[in-house]
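What follows is a short report on a single structure.
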Amino acid sequence: MNDRAAAARPLKVELREVGLRYFGREGETEALAGISLGVAEGEFVSIIGQSGCGKSTLLSLVAGIMAPTSGAILLDGRPVRGPDRRVGYMLQQDYLFEWRTILENTLLGAQIQGVEPRAARDRAVMLLSRYGLGKFMDHLPRQLSGGMRQRVALARTLCTDPDVVLLDEPFSALDSQTRIAIADEIADILRREGKTAILVTHDIAEAIGMADRVIVLSRRPGRVRSSHLIEFASAGAARPSPMQARNAIEFNGYFNRLWQELEVHVEG
Ligand code: ADP
Ligand code: MG
């Protein structure tokens, strides 16, 4: 999606001057400060920033798991007041329950949200089949590879049919080859289903490959440092997959710019 197309679509998620402080026994931690950003319907945004800059905190706020200390978070133009069915959350670890079958794991979110059981089951079976897991529905998680488990986690997230999917470093437990392949699959699925997606990662290549736009957060307290539109004009009309993006001529330019923005320093 280009800038104009994004601008023409209504904002699905909006953060206005959002700040978050944690209050703990060791005192106060300012995790986020003055974050303002909008994500258009159907847009795929990656957020990158160093460890501890508040990325997971930001997603928890959008998910309604925590409330901001200051500012406002809007979903479809209305303030977020708590967890919402329109938002699905996919985490770093797949959090599959080892004693539940793949189908039962996929149904978990739908059961918690009280989706009618038959409809939920039909949708879970449809998603698992579509993601190549049809034969594994009665298996236990430990019988599956890391990449397959991550696809189950995605099926579980999508089983409740959220409009917005939040992904918190969802591939970091995978080896690098599986990681690229799964990122490809998941980006493709989310785009085809027209989801609005916010991916948090510290992997610059992954951020570029998957997103329409990459937002760089500063060190803690996280602020929006810069925003970069990602376009691959050389690849023609269709957006390249994350894997193809790595070979596009524009890729290195984006990578170098984001690398500098991230202020990566080796301590020592
Ligand atoms: P990231 O995901 O970018 O690594 P986090 O959002 O997890 O960063 O954390 C941002 C900052 O807030 C870090 O300094 C972290 O130590 C701190 N933090 C996170 N959760 C809590 C908490 N529950 N209580 C106190 N401090 C926290
Ligand atoms: Mg995190």
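Whatever order the structure lists ligands and atoms in, that order sets their numbers, starting from 1.
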**Request:** Could you tell me the residue and atom name of the protein heavy atom closest to atom 12 (O) of ligand 1, and the distance to it rounded to 0.1 Å?
**Result:** Tyr22 CE1, 3.4 Å

**Prompt:** What class does the angle between the rings of Trp259 and Phe255 fall in, given that below 30° is parallel, 30 to 60° is tilted and above 60° is perpendicular?
**Reply:** parallel

**Request:** Please report the shortest heavy-atom distance between Glu169 and Thr201, naming the atom on each side.
**Result:** CG-CA, 4.1 Å

**contact_flag Ser51 ligand 1 heavy-atom lt 4.0 Å** = yes

**Prompt:** If you count the atoms of ligand 1 from 1 in the order shown, which ones are under 4.0 Å from a heavy atom of Arg220?
**Reply:** 11 (C), 13 (C), 14 (O)

**Asked** Within a distance of under 4.0 Å, is there any protein heavy atom near atom 15 (C) of ligand 1?
**Response** no

**Request:** Identify, for atom 8 (O) of ligand 1, the protein heavy atom at the shortest distance, and state residue, atom and that distance.
**Result:** Gly54 N, 3.2 Å

**Fill in**
re atom 9 (O) of ligand 1, the protein heavy-atom contact at minimum distance is Thr57 OG1, 3.8 Å

**Polar atom proximity, Gly52 to ligand 1 (N or O, under 3.5 Å)** = yes

**Item:** Protein non-hydrogen atom found under 4.0 Å from atom 24 (N) of ligand 1
**Value:** yes

**Request:** Give a yes or no on whether the backbone of Ala233 and the side-chain of Glu231 come within a donor-acceptor separation of less than 3.5 Å.
**Result:** no

**Request:** Compare Pro221, Gly49, Cys53, Ser56 and give the one whose heavy atom is closest to atom 2 (O) of ligand 1.
**Result:** Ser56

**Message:** So that I can check it, does any N, O or S atom in Ser51 come closer than 2.8 Å to the Mg ion (ligand 2)?
**Reply:** no

**Item:** Tyr22/Thr57 under side chain to side chain donor-acceptor pair (under 3.5 Å): CA gap, chis, key distance, verdict
**Value:** CA-CA 10 Å; Tyr22 288 106; Thr57 301; 2.8 Å; yes

**Item:** Minimum heavy-atom distance Val80-Leu74, with the two atoms named
**Value:** CG2-C, 4.2 Å

**Request:** Could you tell me the separation between the CZ atom of Arg123 and the SG atom of Cys159, rounded to the nearest 0.5 Å?
**Result:** 6.5 Å

**Message:** Donor-acceptor pair, distance only, cut-off 3.5 Å: does the side chain of Asp184 make one with the backbone of Met243?
**Reply:** yes

